[in-house]
Amino acid sequence: MMHKFPVLEIFGPTIQGEGMVVGRKTMFVRTAGCDYSCAWCDSAFTWDGSAKEDIERLTADDIIDRLIEEGGDRFDHVTISGGNPALLKSLHELIQPLHERGIEVALETQGSRWQDWFVDIDDLTISPKPPSSLMTTNWDVLDDIIQRLQEQGRSSHVSLKVVIFNDEDLTYAETVHQRYPDVPFFLQVGNDDLVEEKPGSLASHLLDQYEWLIDKVTASKNLNHVRVLPQVHALVWGNKRGV
Ligand SMILES: C[S@@+](CC[C@H](N)C(=O)[O-])C[C@H]1O[C@@H](n2cnc3c(N)ncnc32)[C@H](O)[C@@H]1O
Ligand SMILES: Nc1nc2[nH]cc(C(=O)O)c2c(=O)[nH]1
Ligand code: SF4
Ligand SMILES: [Mg+2]
């Protein structure tokens, strides 16, 4: 029996705007539903009910058909995001046939749930949430996820990415990096203006925030083996959806 997944968006090709494979040409599949409700979530429509009517229930075959409809033969990489795609137990039904077609698979999750198919993801980004999100990290769960990935030889396929809005978030990022020093670590500029409609105005603001974050990280003795990035897609396209 093919499982049906709740899907809100399938788009691309575009570029991965964030983190460990920033710049990589990729398609996106965005699933609906999240176990968190971050104060500043830039994809709140996946869980706040505002796009409820747009959720489609698709099998892996349906999703692959749609990826090919949108992207033709102009992609070899698919990023699964959400919401939290780690809520979906049967996602290997999508990952495996993508791999069989020679397509790499990336996934974005917050590290609140383990799934066995994590070990099949080529670029797994785990993004634990800092205090400004108003969410609480379950360190036992996160420890378990990182440990399992390391034990199963997945270290080169995993990264941590913490979004930063303020000094308290930066302290949280230091805590995460010190707890998992061997996991590639990314600090990402927080977008605190999710309503600005002019890409140029948002880009100018986000570049100021990027400079602030660079200054903070370069001044910290606890954040040496790290990378600092903006959301490139937000610089280019602003708050537009489906890019
Ligand atoms: C929308 S989330 C979906 C995946 C998963 N729920 C998670 O949070 O990792 C994708 C990425 O966007 C980041 N993100 C969400 N809202 C943001 C914002 N306002 N500014 C910067 N990054 C944001 C998240 O931290 C996460 O790394
Ligand atoms: N271009 C682009 N890059 C992204 N990286 C992470 C995204 C996400 O929403 O998970 C995202 C997105 O929505 N668009
Ligand atoms: S965990 Fe991700 S999708 Fe869920 S509310 Fe937070 S940023 Fe949004
Ligand atoms: Mg996004």
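Here, residue 1 is the first one in the sequence, and each next residue gets the next number. As the structure lists them, so they are numbered: ligands from 1, and atoms in each ligand from 1.
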Ligand 1 to S81 polar contact by distance, N or O atoms, under 3.5 Å: no
T46 heavy atom under 4.0 Å from ligand 1: no
R113 to F118, cation-pi by 6.0 Å centre distance and 45° axis angle: no
Close-contact set for ligand 2 against V243 heavy atoms, below 4.0 Å: 1 (N), 2 (C), 12 (C), 13 (O), 14 (N)
Test item: T125 side-chain N/O and L160 main-chain N/O as donor-acceptor pair under 3.5 Å: no
Sidechain-backbone polar pair: S220 side chain, K216 backbone, donor-acceptor under 3.5 Å: no
Residue, atom name and distance, where the atom is the protein heavy atom closest to atom 5 (N) of ligand 2: Q16 OE1, 2.5 Å
Test item: H157 side-chain N/O and D123 main-chain N/O as donor-acceptor pair under 3.5 Å: no
N or O contact, N84 vs ligand 1, cut-off under 3.5 Å: no
Numbered atoms of ligand 1 (with element) below 4.0 Å of V163, judged on heavy atoms: 21 (C), 22 (N), 25 (O)
Parallel, tilted or perpendicular: ring planes of H3 versus F5, cut at 30 and 60 degrees: tilted
Minimum-distance protein heavy atom relative to atom 19 (N) of ligand 1: W40 O, 2.8 Å
Distance filter under 2.8 Å, centred on atom 4 (Fe) of ligand 3 - protein N, O or S atoms that pass it: C34 SG
Donor + acceptor pair across side chains of W237, N239 (<3.5 Å): no
Side-chain donor or acceptor of S127 paired with backbone N/O of Q110 under 3.5 Å: no
Polar proximity ligand 2 side, K161 side, N/O cut 3.5 Å exclusive: no
Path from I164 to L207 over hydrophobic side-chain contacts below 4.5 Å: yes
Proximal atoms of ligand 1 relative to C41 (non-hydrogen, under 4.0 Å): 16 (N)
Element-labelled atoms of ligand 1 that are located less than 4.0 Å from some non-hydrogen atom of V189: 21 (C)
Nearest-neighbour protein heavy atom for atom 10 (O) of ligand 2, which is reported as residue plus atom name and distance: S81 OG, 2.6 Å
Heavy-atom nearest option to atom 17 (C) of ligand 1, drawn from D42, D35, T109, T79: D42
S50 versus K52, side-chain donor and acceptor atoms under 3.5 Å: no
S132-W40 side chain donor-acceptor pair, cut-off 3.5 Å: yes
Nitrogen or oxygen of I15 less than 3.5 angstrom from that of ligand 2: yes
K129: numbered ligand 3 atoms lying under 4.0 Å from its heavy atoms: 1 (S), 6 (Fe), 7 (S)
Subset of ligand 1 atoms that lie under 4.0 Å from at least one heavy atom of Q231: 20 (N), 21 (C), 22 (N), 23 (C)
G82: numbered ligand 1 atoms lying under 4.0 Å from its heavy atoms: 1 (C), 3 (C)
Backbone N/O of K198 and side chain of E196: donor-acceptor pair under 3.5 Å: yes
G83 neighbourhood, listing ligand 1 atoms whose heavy-atom distance to it stays under 4.0 Å: 3 (C), 4 (C), 5 (C), 6 (N)
Minimum non-hydrogen distance to atom 24 (C) of ligand 1, winning option of K129, E18, E108: K129
K4 side, atom NZ; T59 side, atom OG1 - distance, nearest 0.5 Å: 7.5 Å
Heteroatom proximity flag, R30 to ligand 1, N/O under 3.5 Å: no
Element-labelled atoms of ligand 1 that are located less than 4.0 Å from some non-hydrogen atom of K161: 27 (O)
Proximal ligand 1 atoms for G190, defined as those under 4.0 Å from one of its heavy atoms: 20 (N), 21 (C)
S43 N/O to ligand 1 N/O under 3.5 Å: no
Any donor-acceptor N/O pair, S133 side chain to P130 backbone, under 3.5 Å: yes
Flag, side chain of N84 to backbone of T109, donor-acceptor distance under 3.5 Å: no
Heavy-atom donor-acceptor pair, R154 side chain to V119 backbone, under 3.5 Å: yes
Nearest-contact summary for atom 20 (N) of ligand 1 - protein heavy atom, Å: N191 N, 2.9 Å
Main-chain N/O of E197 paired with S201 side-chain donor or acceptor, under 3.5 Å: no
Distance-only N or O hit between ligand 2 and G17, under 3.5 Å: yes
Option whose closest heavy atom lies nearest to atom 9 (O) of ligand 2, chosen from Q188, E108, R30, R241: R30
Test applied, side chain to side chain contact (heavy atoms under 4.5 Å, CB included); reference residue, Q16; option that passes from E108, K25, H77: E108
F11 and F28 aromatic ring geometry - parallel, tilted or perpendicular at 30°/60° bounds: parallel
